[in-house]
Every structure is written in structure tokens, then in C-alpha cells.
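Below is one structure, written out as C-alpha cells; comments come after it.
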Amino acid sequence: MGRMIAICLSFLLLLACGPRYGDFFPCHDDGTVKPKVVLLPMSDATKNPERAQELMSGIRFKLMDRGEVFVYSEESVKKQMERMGSSSFFNPDISFAKYFGGSDFIVATELVDYSYDQYGNVDDRCMPPHLQRKYLLTLKLRVRMIDMRGQEPCIVMQEILTRHLLVPQNCNPLDPAYFYELSSRLTEDFVMRLEGISWSLR
């Protein structure tokens, strides 16, 4: 009996943690059409491809869980990219966008910094106690958002989102737990920004 209850609870927890059913549809329940977004695979300039993949997975999950935009599947994006061949998504030339006709927005991302350094360059005596002997962990994401709804593709947002985290010097600043905390904050910033622009430009 106890085993059956444990299985049922595990199943309910799994359902609660997954994206809601509405996230996979292009319209809200009231019929409002969601902005259609192509998320291009994340580039990595930090030689941490596993972290870039982890960050992108978190972003995709967050967007689908909130359900404010319709995100094309990774499979459909991959098929279009195979047709277009290799291309840099941050060059002045954005002609690659033509391969994603039918979408409202194309979003390119690049992990540009994942590093740490000692916090400040002053003696501990000059620092408040809570800031002494800390590492400053930094995560930076480059973002470009292309509006596809006009006659020609148009860049409507290009910026670098940055998040920092202070870590005690007796800890490993590259511990995956710290990356998870930092990437969660950056993901929240990114999703709020993307959703805000998607709906404000409608």
C-alpha cells in the first residue's frame, strides 16, 4: 500500500513540474494567438558547451512552462538549419532569417562569459564583512531578436544580459549548483525580456 502511494505521489510530482498542456499550442484558451518564436541553438564563446546547452534547456523550459509565446520545436528548427548551412547569427547580414518564414520572431543567443574572479581589489579591512573573501561569478548572454512580421526582417533587440553571484572563497565557484542558481536568474531576465518585446510589438 505504501509503495502504491509513493508511486502515485511521484507521478503527480512529475506532472506538476512539467510544462502545462497549453504551452504546446499556438493560441491561448481564449483564442488569442501567441507570438511565434524560433529559438536558434545557443552559440558558445566560453568553451563550456555543456553549460550553454544547460542554459538553453532552462530557457526553453521556462518559456514553454509560462506559455506566453509559442516556441517552435528543436526538431523543426534543426531541419531549417540543415537547409541553410552554416551561418553566424550575429553578423550584420541577417539573410539567414528567410529560412524561418512564418515565425514572428527569431531569437539568437550566445554564451559569452562564464568566469569568476576575486571580488574587488581592496584589502579586506576596507570591505564590509559580508563581502570579504568572496569570488564574483559572472554569466553573460548575448541576445539578438529579429522581427519577421514586416516586409523585411528587422533587428528589434540586441544586448548582453549579465548576472553575478558572490561565492565564498572556501567554495568551488564553478560548482554546478552555483551555475544553476546564476543561470536561473539569467533565464528569468531573458524570458521576461523576450515576452515583453514579443507582446509590445504586436
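Being a predicted model, the structure only gives us computed values, none of them experimental. Sequential numbering from 1 along the given sequence is applied to the chain's residues.
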- Query: If you round to the nearest 0.5 Å, how far is NZ of K79 from OG of S73?
  - Reply: 8.0 Å
- Item | Option passing side-chain hydrogen bond (donor to acceptor under 3.5 Å, both in side chains) with S57 (candidates R60, Q53, E54) | Q53
- Message: Under a 4.0 Å threshold between the charged nitrogen and the carboxylate oxygen, would E188 count as salt-bridged to R185?
- Response: no
- Message: Working note: L186 + T162, criterion side chain to side chain contact (heavy atoms under 4.5 Å, CB included); need CA distance, chi angles, decisive distance, verdict.
- Response: CA-CA 7 Å; L186 189 63; T162 304; 6.0 Å; no
- Task: Determine, step by step, whether K36 and Y72 satisfy the side chain to side chain contact (heavy atoms under 4.5 Å, CB included) criterion, reporting the C-alpha distance in whole Å, the side-chain angles of both residues, the deciding distance to 0.1 Å, and the verdict.
- Result: CA-CA 7 Å; K36 299 186 291 295; Y72 285 94; 3.5 Å; yes
- Side-chain donor or acceptor of N172 paired with backbone N/O of L174 under 3.5 Å: yes
- Message: Assess the residue pair T187 and S184 against the criterion (side chain to side chain donor-acceptor pair (under 3.5 Å)); give the C-alpha distance rounded to whole Å, side-chain angles, the decisive distance to 0.1 Å, and a yes or no.
- Response: CA-CA 5 Å; T187 294; S184 295; over 6 Å; no
- Item | Transitive ILVMFWY side-chain link L139 to I160, under 4.5 Å | no
- Item | V112 vs T46 side-chain heavy atoms within contact, under 4.5 Å | no
- Task: Kindly compute the distance separating CG (L39) from CD1 (I106), expressed to the nearest 0.5 Å.
- Result: 11.0 Å
- Item | Spatial distance of atom OH (Y99) from atom CD (Q80) [nearest 0.5 Å] | 9.5 Å
- Rounded distance (nearest 0.5 Å) linking atom CG of L55 with atom OG1 of T109: 7.5 Å
- Message: Ignoring hydrogens, what is the shortest heavy-atom contact between S103 and M148? Give both atom names and the distance.
- Response: O-CB, 3.3 Å
- Query: Is the charged tip of R142 near the ring of F90: under 6.0 Å from the six-membered ring centre and within 45° of its axis?
  - Reply: yes
- Query: Closest heavy-atom contact between V77 and P41?
  - Reply: CG1-CD, 4.3 Å
- Minimal non-hydrogen separation, Y135 against C171, with atom names: CE1-O, 3.8 Å
- Message: Using side-chain heavy atoms (C-beta onward) and a distance below 4.5 Å, is P35 in contact with F70?
- Response: no
- When rounded to the nearest 0.5 angstrom, what is the spacing between CG in D113 and CG in L137? 9.0 Å
- Item | Residue pairs passing the ring-ring contact (aromatic ring centres under 6.0 Å, His included) test where at least one lies in residues 155-194, sequence neighbours excluded | Y114-F179
- Message: According to a hydrophobic-cluster definition based on side-chain heavy atoms being under 4.5 Å apart (Ile, Leu, Val, Met, Phe, Trp, Tyr only), do V38 and M84 belong together?
- Response: yes
- Would K34 and E68 count as a salt bridge (charged side-chain N to carboxylate O under 4.0 Å, His left out) if you check the C-alpha gap in whole Å, the side-chain angles of each, and the deciding distance to 0.1 Å? CA-CA 6 Å; K34 301 176 185 178; E68 291 300 314; over 6 Å; no
- Message: Walk me through whether R144 and E159 qualify under salt bridge (charged side-chain N to carboxylate O under 4.0 Å, His left out).
- Response: CA-CA 7 Å; R144 172 183 273 185; E159 58 190 64; over 6 Å; no
- Give a yes or no answer on whether the side chain of D30 reaches the backbone of T32 with a donor-acceptor pair at less than 3.5 Å. yes
- Item | Partner residues of D44 under the salt bridge (charged side-chain N to carboxylate O under 4.0 Å, His left out) criterion, sequence neighbours left out | none
